[in-house]
S.K.: 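The structure under discussion is supplied below as structure tokens; questions concerning it will follow.
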Amino acid sequence: MITIKRATEEDLKEILALQYIAYQSEAELFQSTDIPPLKQTIGEVLEEFHKGIILKAMDENGSIVGSVRAYSENGTAHIGKLMVHPEMQNRGLGARLLSEIEQQYPNQRYELFTSTKSIRNIGLYQKLGYTILKVETVTEELQFVYLEKWKADGSV
């Protein structure tokens, strides 16, 4: 059974280790390990921890197998680093983590982004009610698609 709860500072090293594992598939899409999630430091994760909320998903042994983080600014919850251990993917855990982080920021607009090459991620987000807001070109090889979701009543 998987439980989801708020991460503590003591969890950050394990979450960063999971991040390095979970983002290998993204690195394969670009045929490069030179992507921000694989270069992030524990200090940067600590900054994100103090800026917002990091959730962890734990298996029955207490191992962290998923995580997501977010912070709120001007009525928008910015969601990032949604990750699930490769061995735990395709079981609904990503959707559960996304739903849980949205509940941490009620009555807000939600925004997240991913690479345009991450077709499965985009499909998951759209299935969960997110719509494409814009596509931003970073380099010839890298484009990000930004998605948003509004509160149930559609208000700001």
S.K.: With the side chain counted from C-beta on, respond yes when T41 and L46 share a heavy-atom pair under 4.5 Å apart, and no when they do not.
M.R.: no
S.K.: With the side chain counted from C-beta on, respond yes when I35 and L142 share a heavy-atom pair under 4.5 Å apart, and no when they do not.
M.R.: no
S.K.: Side-chain heavy atoms under 4.5 angstrom apart, residues restricted to Ile, Leu, Val, Met, Phe, Trp, Tyr: same cluster for L16 and L97?
M.R.: no
S.K.: So which atom in S67 and which in I54 form the shortest heavy-atom distance, rounded to 0.1 Å?
M.R.: OG-CG2, 3.6 Å
S.K.: Are I79 and Y105 packed together at the side-chain level, in the sense that at least one heavy-atom pair is separated by less than 4.5 angstrom?
M.R.: no
S.K.: Give every residue pair that meets the salt bridge (charged side-chain N to carboxylate O under 4.0 Å, His left out) criterion with at least one member in residues 24-43, sequence neighbours excluded.
M.R.: D34-K39
S.K.: Roughly how far, to the nearest 0.5 Å, is CG of L12 from CD of E10?
M.R.: 8.0 Å
S.K.: Filter on salt bridge (charged side-chain N to carboxylate O under 4.0 Å, His left out), then keep only pairs touching residues 91-104, sequence neighbours left out; what's left?
M.R.: E102-K149
S.K.: Assigning hydrophobic clusters by single linkage (Ile, Leu, Val, Met, Phe, Trp, Tyr; side-chain heavy-atom cutoff under 4.5 Å), is L128 placed with V68?
M.R.: yes
S.K.: Would you give the length of the straight line joining atom NZ of K134 to atom CD1 of I132, rounded to the nearest 0.5 angstrom?
M.R.: 13.0 Å
S.K.: Taking the side chain as every heavy atom from C-beta outward, state whether L112 and L82 have any atom pair closer than 4.5 Å.
M.R.: no
S.K.: Taking the side chain as every heavy atom from C-beta outward, state whether Y110 and L98 have any atom pair closer than 4.5 Å.
M.R.: no
S.K.: Using the salt bridge (charged side-chain N to carboxylate O under 4.0 Å, His left out) rule, collect all pairs that involve residues 49-68, keeping only residues at least two apart or in two chains.
M.R.: D11-K56
S.K.: Can you see which heavy atom on P86 is nearest to which on I21, and at what distance?
M.R.: CD-CG2, 3.6 Å
S.K.: Kindly write out the residues that satisfy side chain to side chain donor-acceptor pair (under 3.5 Å) with S63, not counting sequence neighbours, or none if the list is empty.
M.R.: none
S.K.: More than 12 non-hydrogen atoms from neighbouring residues, nucleotides or ligands closer than 6.0 Å to CD on Q31, yes or no?
M.R.: no
S.K.: Identify whether I119 and Y130 are in the same connected component of the hydrophobic contact network (ILVMFWY, side-chain heavy atoms under 4.5 Å).
M.R.: no
S.K.: Quick check for you: to the nearest 0.5 Å, what is the distance between E14 atom CD and I64 atom CD1?
M.R.: 4.0 Å
S.K.: Can you sort out the partners of T33 under side chain to side chain donor-acceptor pair (under 3.5 Å), two or more places apart, ordered by chain and number?
M.R.: none
S.K.: Would you mind reporting whether V45 and K13 have side-chain heavy atoms less than 4.5 Å apart?
M.R.: no
S.K.: Can you name the nearest heavy-atom pair linking V65 to I2, along with the distance?
M.R.: CG2-CD1, 3.9 Å
S.K.: Can you sort out the partners of F49 under ring-ring contact (aromatic ring centres under 6.0 Å, His included), two or more places apart, ordered by chain and number?
M.R.: none
S.K.: Return the set of residues passing side-chain contact (heavy atoms from CB on, under 4.5 Å) with Q24 (not counting sequence neighbours), or none when no residue passes.
M.R.: L38
S.K.: To the nearest 0.5 Å, how far apart are CD1 in I4 and CG in L55?
M.R.: 7.5 Å
S.K.: Out of curiosity, Q89 CD to M83 CE, how far, rounded to the nearest 0.5 Å?
M.R.: 11.5 Å
S.K.: Nearest 0.5 Å, please: how far is CH2 in W150 from OG1 in T76?
M.R.: 6.5 Å
S.K.: Could you pull out all residues at least two apart from Y20 that satisfy ring-ring contact (aromatic ring centres under 6.0 Å, His included)?
M.R.: none
S.K.: Grab the two heavy atoms, one from L124 and one from G94, that are nearest each other, plus how far apart they are.
M.R.: CD2-C, 4.5 Å
S.K.: With sequence neighbours left out, write down each residue that passes side chain to side chain donor-acceptor pair (under 3.5 Å) with Q19, or none if nothing qualifies.
M.R.: Q40, R69
S.K.: What pairs with E140 under side chain to side chain donor-acceptor pair (under 3.5 Å), at least two apart in sequence or on another chain?
M.R.: none
S.K.: Could you name each residue pair satisfying salt bridge (charged side-chain N to carboxylate O under 4.0 Å, His left out) that touches residues 113-124, not counting sequence neighbours?
M.R.: K117-E141
S.K.: Parallel, tilted or perpendicular for F144 and F113, by the 30°/60° rule?
M.R.: perpendicular
S.K.: Can you name the closest pair of heavy atoms from A22 and V84 and give their distance?
M.R.: CB-O, 3.8 Å
S.K.: Any idea which heavy atoms bring V145 and S115 closest together, and the distance?
M.R.: CG1-O, 4.2 Å
S.K.: In the single-linkage hydrophobic clustering (I, L, V, M, F, W, Y; side-chain heavy atoms under 4.5 Å), do M88 and I101 co-cluster?
M.R.: yes
S.K.: Which residues pass the side-chain contact (heavy atoms from CB on, under 4.5 Å) test with A17, not counting sequence neighbours?
M.R.: none
